[in-house]
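Counting starts at 1 for both ligands and their atoms, following the listed order. Keep in mind that the numbers below use all heavy atoms, side chains included, and drop hydrogens, waters and symmetry copies.
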Amino acid sequence: MAEIKLEKIYKKYGNSKDNTIENLNLKINDKEFMVFVGPSGCGKTTLLRMIAGLEEVSSGNIYIDSQDVTEMEPKERDIAMVFQNYALYPHMSVFGNISYPLKQKRKIVNENGKEEYIKYSKSEIEDKVKKIAESLNLTKLLKRKPKELSGGERQRVALARAMVRNPKVFLMDEPLSNLDAKLRTQTRGEILNLHKTINTTFIYVTHDQTEALTMGDRIAVINKGKIMQLDSPEELYNNPQNIFVAEFIGNPQMNMIDGVLEKDNIIDIIDLGIKLKSSTPINAEIKPVIGIRPENISISESKGILVSKEYVEFTGNEKILHVYKNDLKIRLTIDQNVEARENIIINLNTEKIMLFDSITGRRINTSFEMVEI
Ligand SMILES: Nc1ncnc2c1ncn2[C@@H]1O[C@H](COP(=O)(O)OP(=O)(O)OP(=O)(O)O)[C@@H](O)[C@H]1O
């Protein structure tokens, strides 16, 4: 069991004037694969280090299985952490690296209910290392030194070293960022398998939204020390609750287009020459922005919005067509060839248009119909 609860967490470094983490509340369920994602400097690593006990909180409490661990030393928290630079001991073999945590004394509660420090025997250590090495495909490499391994192999040794203690919680800080694209995908799969087999709580930090979407049971999107949205990958993609999440999740990015609110809940999208009527009343105080994903815009042969082609981006599995109308630039994903055309007619899938308020950044739940074209 390892449920983690963060309650009213604040973190301020030294005498900086802003909080790095501000009033953050979060419950991570037992056995969940939780991902923290957000731009560089948003506070992901700080948050992870506070959970591990490597960084003090300025205020607030951290609980693991209802036990307040806020003041506890890292080694008492039963947490394993894997970093971006996996920091293996260079002079030790793979076996030595993996077995290292087992050679430390550990605290147990004996039959009489008393705390006691014990060590694993040599054969116990060998057994444990062998099992983990097998599960991560490292058996043949146990005698090698880290410098004789590839990046992916080193990463697996770091994982093995973290796993060998059977921790309650796994924390991983951008563990794949030193690997090339192919190894990243492969190791991603290995980490997910690992999560399934050992059935413990994982918290995984990344700034890469694709990695977040493919790995997380739930994802906390963080910006400037605050959780902008906590949801499943599908919900984040289909139902972003604010402009930040709408733009951060999804590649190519969602198109954001300014509008002007008119009477009768009609929004004039001046740059595109269209008007949209909202099904729910819209507060006159808002500054409307509509959002539409590139896959929800299509090319039409007849009626629609006339735009000019800028360029086509080929990404391997899809093409992204960049078009413009006046000063407005729009991205859409396409499968047909438009090389020869300069002027293109596009249509927005009205059902998929989202509305945001650019003043507060918040999503406004409504649906639209096109009233004029
Ligand atoms: N020890 C420190 N002293 C002062 N400021 C710090 C310290 N560590 C981090 N910061 C600041 O706190 C903020 C959050 O840093 P953090 O490393 O948590 O971000 P991150 O989201 O993990 O970023 P990245 O993706 O670039 O690793 C940054 O502005 C950083 O400069």
So, [X] and [Y]: side-chain donor and acceptor under 3.5 Å apart, yes or no?
{"X": "Thr206", "Y": "Asp208", "answer": "no"}
{"X": "Tyr63", "Y": "Glu3", "answer": "no"}
{"X": "Asn283", "Y": "Glu285", "answer": "no"}

- request: Determine whether the side chain, the backbone, both or neither of Thr45 has a heavy atom under 4.0 Å from any heavy atom of ligand 1.
  value: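 Thr45 to ligand 1: contacts from backbone and side chain alike.
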- prompt: Out of curiosity, is Gly14 lining ligand 1, as in a heavy atom under 4.0 Å away?
  reply: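 In this structure, Gly14 fails to qualify as a contact of ligand 1 - no heavy atom is under 4.0 Å.
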- prompt: For ligand 1, is Gly38 a contact, meaning one of its heavy atoms is under 4.0 Å away?
  reply: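 Gly38: no contact with ligand 1 (<4.0 Å).
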Name the closest protein heavy atom to [atom], giving the residue it belongs to and the distance to 0.1 Å.
{"atom": "atom 14 (C) of ligand 1", "answer": "Gly41 O, 3.4 Å"}
{"atom": "atom 26 (O) of ligand 1", "answer": "Ser40 OG, 2.6 Å"}
{"atom": "atom 9 (C) of ligand 1", "answer": "Tyr13 CE1, 3.4 Å"}

message: Suppose I only count heavy atoms of Thr20 and a 4.0 Å limit; which atoms of ligand 1 are within that range?
response: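 Close to Thr20: 12 (O), 13 (C), 14 (C).
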query: With under 30° as parallel and over 60° as perpendicular, where do the rings of Phe202 and Phe33 fit, or are they tilted in between?
result: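 Plane angle under 30°, so parallel.
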- prompt: Parallel, tilted or perpendicular for Tyr89 and Tyr100, by the 30°/60° rule?
  reply: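 It falls in the tilted class, 30° to 60°.
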field: Residues Lys224 and Asp18 bridged, charged N to O under 4.0 Å
entry: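 Result for this pair is no, no salt bridge flagged.
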message: Taking distance alone, with N or O pairs closer than 3.5 Å, would you say Lys44 contacts ligand 1?
response: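 Lys44 vs ligand 1: N/O contact under 3.5 Å present.
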Verify atom 4 (C) of ligand 1: protein non-hydrogen atom under 4.0 angstrom away: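 For atom 4 (C) of ligand 1 the answer is yes, since some protein heavy atom falls inside 4.0 Å.
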- prompt: Looking at atom 1 (N) of ligand 1, is any protein heavy atom nearer than 4.0 Å to it?
  reply: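 It does; a protein heavy atom is within 4.0 Å.
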- prompt: Which option out of Thr46, Asn223, Ile21 puts a heavy atom nearest to atom 16 (P) of ligand 1?
  reply: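 The nearest heavy atom belongs to Thr46.
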Matching residue for Glu310 among Lys329, Lys325, Arg331 - test: salt bridge (charged side-chain N to carboxylate O under 4.0 Å, His left out):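 It is Lys329; the other options fail the test.
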message: Can you tell me if Glu313 has over 12 outside heavy atoms packed within less than 6.0 Å of its CD?
response: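 Counting other residues, nucleotides and ligands, CD of Glu313 exceeds 12 neighbours.
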